[in-house]
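Computed over heavy atoms, backbone and side chain alike; hydrogens, waters and symmetry mates excluded.
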Amino acid sequence: FKFLFSSLSSITLFILPFTCNMLPSKMPEVVPNFSNSVKLKYVKLGYQYLVNHILTFLLVPIIIGVTIEVLRIGPEELLNIWNSLHFDVLQMLCSSFLIISIATGYFMSKPRSTYLVDYSCYKPPVTCRVPFSTFMEHSRLILKDNPKSVEFQMRILERSGLGEETCLPRPIHYIPPTPTMEAARGEAEEVIFTAIDELMNKTGLKPKDIDILIVNCSLFSPTPSLSATVVNKYKLRSNIKSYNLSGMGCSAGLISIDLARDLLQVHPNSYALVISTEIITPNYYKGSERAMLLPNCLFRMGGAAILLSNKRRDQYRAKYRLMHVVRTHKGADNKAFKCVFEQEDPQGKVGVNLSKDLMVIAGEALKSNITTIGPLVLPASEQLLFLLTLIGRKIFNPKWKPYIPDFKQAFEHFCIHAGGRAVIDELQKNLQLTGEHVEASRMTLHRFGNTSSSSLWYEMSYIEAKGRMKRGDRVWQIAFGSGFKCNSAVWKCNRTIKTPTDGPWQDCIDNYPVHIPEIVKL
C-alpha cells in the first residue's frame, strides 16, 4: 500500500474535491437521492467495520469449530493422543532455546516507547495585550510616511482570524520599538523559564533528572545559545546532552520531538525536555515592504515546554504515547526554498519575506507528507477504497474522480499549525474536516495568534480544556515551516484526561468557541 500511496502525488487533491457534479441539480421525486440517504451512511459504516475486522470474522469461526471438535472428542481420547506423542528431550531443549532466543531478539530490537509525560504553555501577561486599535495606532505612528503600508496591514488584520487578546513583547510596545539584544534575551528568559517552571510544578521534575535538553527557536540564535541559558538557569548536570535548533521555522517543534525520540532510543531510562518558542523582539520588521509586513500582523509571543520519557514506569502517568513522526522537506526546489526567506529590503531593513506562492508550496508539501503517513495510520477500509479507485483510474477510466482518503477514520483530533486563517481553511477543505475538527486551531489563532512552533501545544491544551481527550484517542499534529517543510506527529492518548484547572485557557475556555467573521471592520 505504501507504493500505491506514492501515486497520490499524481492526484490533484487540491483541485478535485470529492463532489458529485455529475448528478442533476434536481432529482425526480420518484427517485430517491442516494447521496443524501441515511441508509447509504450505514452501508459505508458496515463496509468499514467489515474490512477493518476481517481477520476477526475469519478467525472466530475457525476457533469455534476447533473448540467444538475438541469437546466432541472427549477427555479420554485426548489423553490417548497425548500419550501417543513421543518427545525427545534434546529436541525439546533445542526448540525451547530457539523460541527464547527469537523472543529475546524481538524484544531487544523493538523500539523503546516514547511517552509525553506532560507539557505546559506560556501565557503572556495582560500588559502585553495588543488590541487591534493599539496595533493600528502604532503602525500609523511608525509608518507615518507610508500610509499605503498602514492600509495594507489593516486589511491583513481584518482578515487574519486573530482576536483582541493576542500579545506582543514589551519592547514592541514602545514607539519606536526597541529590539535590542538585551530586550530579546529578556523575552526569551521570560517565556522559556515560565514554561519550564510550570512544567516542573506539574510533574515534580527536578533539574538533575533531565538527561536531554532540546531548544528550538528559529530567528533568535544568540551566543551563548538558548539551551546554554537553560542549563545555566537551572544548574543542569554537566553531562547533559543539549541541542539548540535555529532557522527551521514553525515546524521546528516536531523536528525537536523527532530528535528527542531518536535520542531516547539510544539512551535508556532517560528524560528529554523540549522547549519550542519564537522570540519576536529582534524580528519585528520596521520597513514598508508588504510581503515583509505580513509576519508583523500574524506572529505573537508564546512558547511551550514538553517532557518526554522512555521509562516504563511513566507509561501509567504519561498523557500520550508517540506513534509516528513523518518529515517532508521540499528544500531541493528553489521556489519552496525561498517562499519564506529572511532578507533585507531596499532600505537595508531585515525582515521575513512571505512569497505569494506559499499556499501552493504548502499544498505540495502536505500532499507528499500524507502520502507517507497514510499507510501508517489509515484503516484497511480506506486503503482498499483508495486502491480500487486507483486501479479503476489506471485501467478503466482516467476521468474517474480520485478517492480522497477519509483521515477522520484514523484520528479523533487534529492540531493544524495556526499559521494563518488561509492555512486552516485550505486544510479543512482538502482533508474534508468538520468545523469541530479545526476548532482548536481556529480558536488558538484567535486567542494567541501565530506562536510559531509552539502553536500545536496551545491547540492540544484547548482540546484538553474542553474535556474532549479520551483514552485511546489519536491526535494528528501538522506543522509547516521555512525551507520548505511539512512535518507530522501522531500521538495516542494513554488515559482520559481530566479538564485541567490551569494552563493557558484557564480564564477563557468557557468563552470559546467564538464566531470569527470573514472580515472584522476596523
Side-chain angles (χ1 to χ4, degrees), residues 114-126 128-129 163 165-167 190-206 209 253 257 271-277 300-309 313-322 411-418 436-449 451 453-477 489-514:
T114 300
Y115 300 103
L116 194 164
V117 180
D118 213 331
Y119 64 95
S120 64
C121 299
Y122 170 75
K123 184 179 179 181
V126 293
C128 294
R129 193 170 68 92
E165 301 291 327
T166 62
C167 296
E190 178 183 347
V191 173
I192 293 173
F193 295 165
T194 304
I196 294 177
D197 289 343
E198 184 180 340
L199 180 63
M200 287 184 171
N201 290 333
K202 291 168 69 173
T203 61
L205 181 73
K206 298 178 180 178
D209 297 330
I257 295 295
Y271 281 122
L273 176 62
V274 176
I275 312 296
S276 292
T277 187
R300 298 293 185 264
M301 65 188 304
I306 305 100
L307 179 62
L308 301 177
S309 171
R313 67 172 180 267
D314 284 328
Q315 64 180 312
Y316 302 106
R317 70 163 180 153
K319 285 186 172 182
Y320 305 94
R321 181 161 65 94
L322 182 60
F411 305 105
E412 285 72 33
H413 308 286
F414 296 80
C415 293
I416 301 167
H417 167 54
E436 185 175 344
H437 287 128
V438 297
E439 181 183 312
S441 301
R442 291 195 189 281
M443 297 307 110
T444 295
L445 181 65
H446 180 271
R447 173 61 184 82
F448 296 99
T451 60
S453 58
S454 63
S455 67
L456 299 174
W457 303 106
Y458 287 90
E459 295 167 23
M460 191 95 90
S461 181
Y462 178 88
I463 298 170
E464 292 181 5
K466 282 293 183 181
R468 298 173 183 171
M469 196 67 74
K470 309 299 182 185
R471 181 180 179 181
D473 283 2
R474 297 153 298 178
V475 186
W476 186 13
Q477 293 181 324
V490 178
W491 303 89
K492 187 172 183 180
C493 187
N494 269 357
R495 54 183 171 85
T496 299
I497 297 174
K498 297 180 181 178
T499 304
T501 56
D502 54 4
W505 298 93
Q506 175 187 0
D507 60 347
C508 61
I509 189 62
D510 293 333
N511 300 329
Y512 284 92
V514 297

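Side-chain atoms of Ser309 never come within 3.5 Å of backbone atoms of Thr114 as a donor-acceptor pair (strictly under, hydrogens ignored). Judged by distance alone, with hydrogens and angles left aside, the side-chain atoms of Arg495 form a donor-acceptor pair with the main-chain N or O of Arg317 at under 3.5 Å. Panel note: side chain Ser455, backbone Thr451; no donor-acceptor pair is recorded below 3.5 Å. Panel note: side chain Asn494, backbone Gln315; a donor-acceptor pair is recorded below 3.5 Å. Side-chain atoms of Ser461 never come within 3.5 Å of backbone atoms of Trp457 as a donor-acceptor pair (strictly under, hydrogens ignored).
With values rounded to the nearest 0.5 angstrom, Lys470 atom NZ is found 8.0 Å from Asp473 atom CG. Taking CD1 of Ile497 as the start and NZ of Lys319 as the end, the distance is 5.0 Å to the nearest 0.5 Å. Atoms CG and CD1, on Leu456 and Ile416 in that order, are 10.0 Å from each other to the nearest 0.5 Å. One finds the CE atom of Met460 at 9.0 Å from the SG atom of Cys493 (value rounded to the nearest 0.5 Å). Here Glu464 contributes atom CD and His413 contributes atom NE2; the two are 9.5 Å apart, rounded to the nearest 0.5 Å. Rounding to the nearest 0.5 angstrom, the gap separating the OG1 atom in Thr499 from the CD1 atom in Ile509 is 9.0 Å.
The side-chain heavy atoms of Val438 and Phe414, taken from C-beta on, include no pair separated by under 4.5 Å. Residues Phe193 and Tyr122 fail the side-chain proximity criterion, which asks for heavy atoms closer than 4.5 Å. You'll find the side chain of Asp502 reaches within 4.5 Å of the side chain of Lys202, heavy atoms only. Side-chain contact between Met443 and Val514 is present, with heavy atoms from C-beta onward closer than 4.5 Å.
Exactly one residue among Arg468, Glu439, Arg447, Arg442 makes a side-chain hydrogen bond (donor to acceptor under 3.5 Å, both in side chains) with Tyr462. That residue is Glu439.
Evaluation of the side-chain hydrogen bond (donor to acceptor under 3.5 Å, both in side chains) rule for Glu412 yields Arg474 as partners, not counting sequence neighbours. Among residues two or more places apart in sequence or in another chain, the side-chain hydrogen bond (donor to acceptor under 3.5 Å, both in side chains) test is passed with Arg129 by none. Taking the side-chain hydrogen bond (donor to acceptor under 3.5 Å, both in side chains) definition, one finds that Ser441 meets it with Glu459, sequence neighbours left out.
Between Phe448 and Trp505, the gap from one ring centroid to the other is short of 6.0 Å.
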Exercise. Report the C-alpha separation of Cys415 and Ile463 in whole Å, then their side-chain angles, then the decisive distance to 0.1 Å, and conclude whether the side-chain contact (heavy atoms from CB on, under 4.5 Å) test is met.
Key: CA-CA 9 Å; Cys415 293; Ile463 298 170; 3.9 Å; yes
Quiz item: Between Leu205 and Val117, does a side-chain contact (heavy atoms from CB on, under 4.5 Å) hold up when you go through it step by step?
Solution: CA-CA 10 Å; Leu205 181 73; Val117 180; over 6 Å; no
Exercise. Using the side-chain contact (heavy atoms from CB on, under 4.5 Å) rule, take Tyr271 and Thr203 through it: C-alpha gap first, then chi angles, then the decisive distance, then the call.
Key: CA-CA 12 Å; Tyr271 281 122; Thr203 61; over 6 Å; no
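Note on Glu436 versus Lys466: no salt bridge recorded, every NZ/NE/NH1/NH2 to OD/OE distance being 4.0 Å or above.
Taking every heavy atom of both residues into account, Thr277 and Ser453 meet most closely at N-OG, 3.6 Å. The heavy-atom pair separating Lys123 from Gly503 by the smallest distance is CD-O, 4.4 Å. The shortest heavy-atom contact between Pro124 and Met301 is CG-CG, 3.9 Å. Residues Ala195 and Ala304 share a closest heavy-atom pair of CB-C, 4.4 Å. In this structure, Leu322 and Val490 approach most closely via the heavy-atom pair CD1-O, 3.6 Å. Counting all heavy atoms, side chain and backbone alike, Asn511 lies closest to Asp507 at ND2-O, 4.5 Å.
Ring planes of Tyr320 and Tyr119: tilted class, angle from 30 to 60°. Ring orientation note: the planes of Trp476 and Phe411 are close to parallel, at an angle under 30° on the 30°/60° scale.
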